[in-house]
Amino acid sequence: MTKPCVFITRKLPEDVVAPLSAIAEVEMWPHEDVAVPNDVLVEKAKRAAALLPMVSDPIGEQVLSAGAELKVVANMGVGYDNIDVPAATRRGIVVCNTPDVLTDTTADLTFALLLATARRLVEAAEFLKEGKWKSWSPFLLAGADVHHKTIGIVGMGNIGQAVAKRAKGFDMNVLYYNRSRRPEAEAELGAIYRPFADLLAESDFVVCLTPLTPETRRLFNREAFRRMKRSAVFINAARGAVVDEQALYEALVHGEIAAAGLDVFEKEPVDPAHPLVSLPNVVALPHIGSATYETRRAMMALARDNIIAVLEGRPPLTPVNRPS
Ligand SMILES: O=CC(=O)O
């Protein structure tokens, strides 16, 4: 019997791929740091029973309709806004993501970004390396305190709750906004629910961790930034398109908010000349929320195991849709 074909859109370690190679004919895009061009992806999809894409690979109508044999698309990421899930569901294709395995790692990065932005760590490190440090001075590179302040978390899923836990360790007052109330976070973490507009007005740190959906696209617009305190620090570790980047730029330039820490951008990789990136009060990172060796390997393994399960006729481990 011929083995089903699997296409992986980046070069992954052989030992991670080995269990899949035992049951399938696996082809990998041979580069680790260059994305597969869309025309190649469409071509590969034609023979594939399974795709293992990165969160940066668009899996829309074009790829899905080419994939006559496709049974499963196992994204390597918790977010799956790069995949047209309704179109996959209509075609009977299972879509999977990689939740849970990245929760603590992404929460660590989010909190590190918050600290780095509030305490101006990147600016300070560059200041020293550029030979600008002439003396200890009272307000040299002074930032804002984090401890005992109010954090407002928008998107209280697993990562939001893990950030809340870290914030509690800093004696912060934790507010949250979510589509649905989270009684367990309220009981266990003392997180307090606030309507979106109230959270923006009351928080010293506004942390965006909501998935990108049609409802959350450009949620952080001009009006949202105007509601924030002038001393507010905005952190985005979710998706760039949840933010109106022009509105954020203007809010930062006009002093409507104090600073921003951004791990994600509407267009990635972001141009280093992007106006937001050039601002001194912006800490910009290249979408590294889950980027530790341990977690990235766990994400790869989970995506792989989702594919193995579907190809072997078992239920997927972490599906996001239920095609009939
Ligand atoms: O952004 C990364 C992810 O969704 O896992």
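Atoms within a ligand are numbered from 1 in the order they appear, just like the ligands themselves.
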> Of all the atoms in ligand 1, which lie at a distance below 4.0 Å from a heavy atom belonging to L102?
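With L102 as reference, the close atoms of ligand 1 come out as 5 (O).
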> For the 3.5 Å polar cut-off, considering only N or O atoms, please tell me whether G79 and ligand 1 meet it.
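Looking only at distances, the answer is yes, because the N/O contact criterion of under 3.5 Å is met.
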> Of the side chain and backbone of V264, name the one, both, or neither that has a heavy atom under 4.0 Å from an atom of ligand 1.
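Looking at V264 and ligand 1, no heavy atom falls under 4.0 Å.
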> At what distance is the nearest protein heavy atom to atom 1 (O) of ligand 1, and which residue and atom is it?
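Nearest protein contact, heavy atoms only, for atom 1 (O) of ligand 1 is H287 NE2, 2.6 Å.
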> Ring centres under 6.0 Å, that's the criterion: do F196 and F220 meet it?
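Ring centres of F220 and F196 closer than 6.0 Å.
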> Do V36 and V17 belong to the same hydrophobic cluster, where Ile, Leu, Val, Met, Phe, Trp and Tyr are linked whenever their side-chain heavy atoms lie under 4.5 Å apart, directly or via other members?
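Different clusters.
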> Does any non-hydrogen side-chain atom of D198 lie less than 4.5 Å from one of E202?
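A side-chain contact under 4.5 Å exists here.
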> Consider only side-chain heavy atoms of I, L, V, M, F, W and Y, link residues closer than 4.5 Å, and tell whether F7 and M300 are in one cluster.
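No, separate clusters.
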> Under a 3.5 Å distance rule, please check whether T295 uses its side chain to pair with a backbone N or O of A291 as donor and acceptor.
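No: the side chain of T295 does not pair with the backbone of A291.
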> Could you tell me whether some N/O pair between V78 and ligand 1 is separated by less than 3.5 angstrom?
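Checking ligand 1 against V78, an N or O pair does fall under 3.5 Å apart.
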> Does ligand 1 have any atom that is closer than 4.0 Å to a heavy atom of R239?
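The answer is yes, since R239 has a heavy atom less than 4.0 Å from ligand 1.
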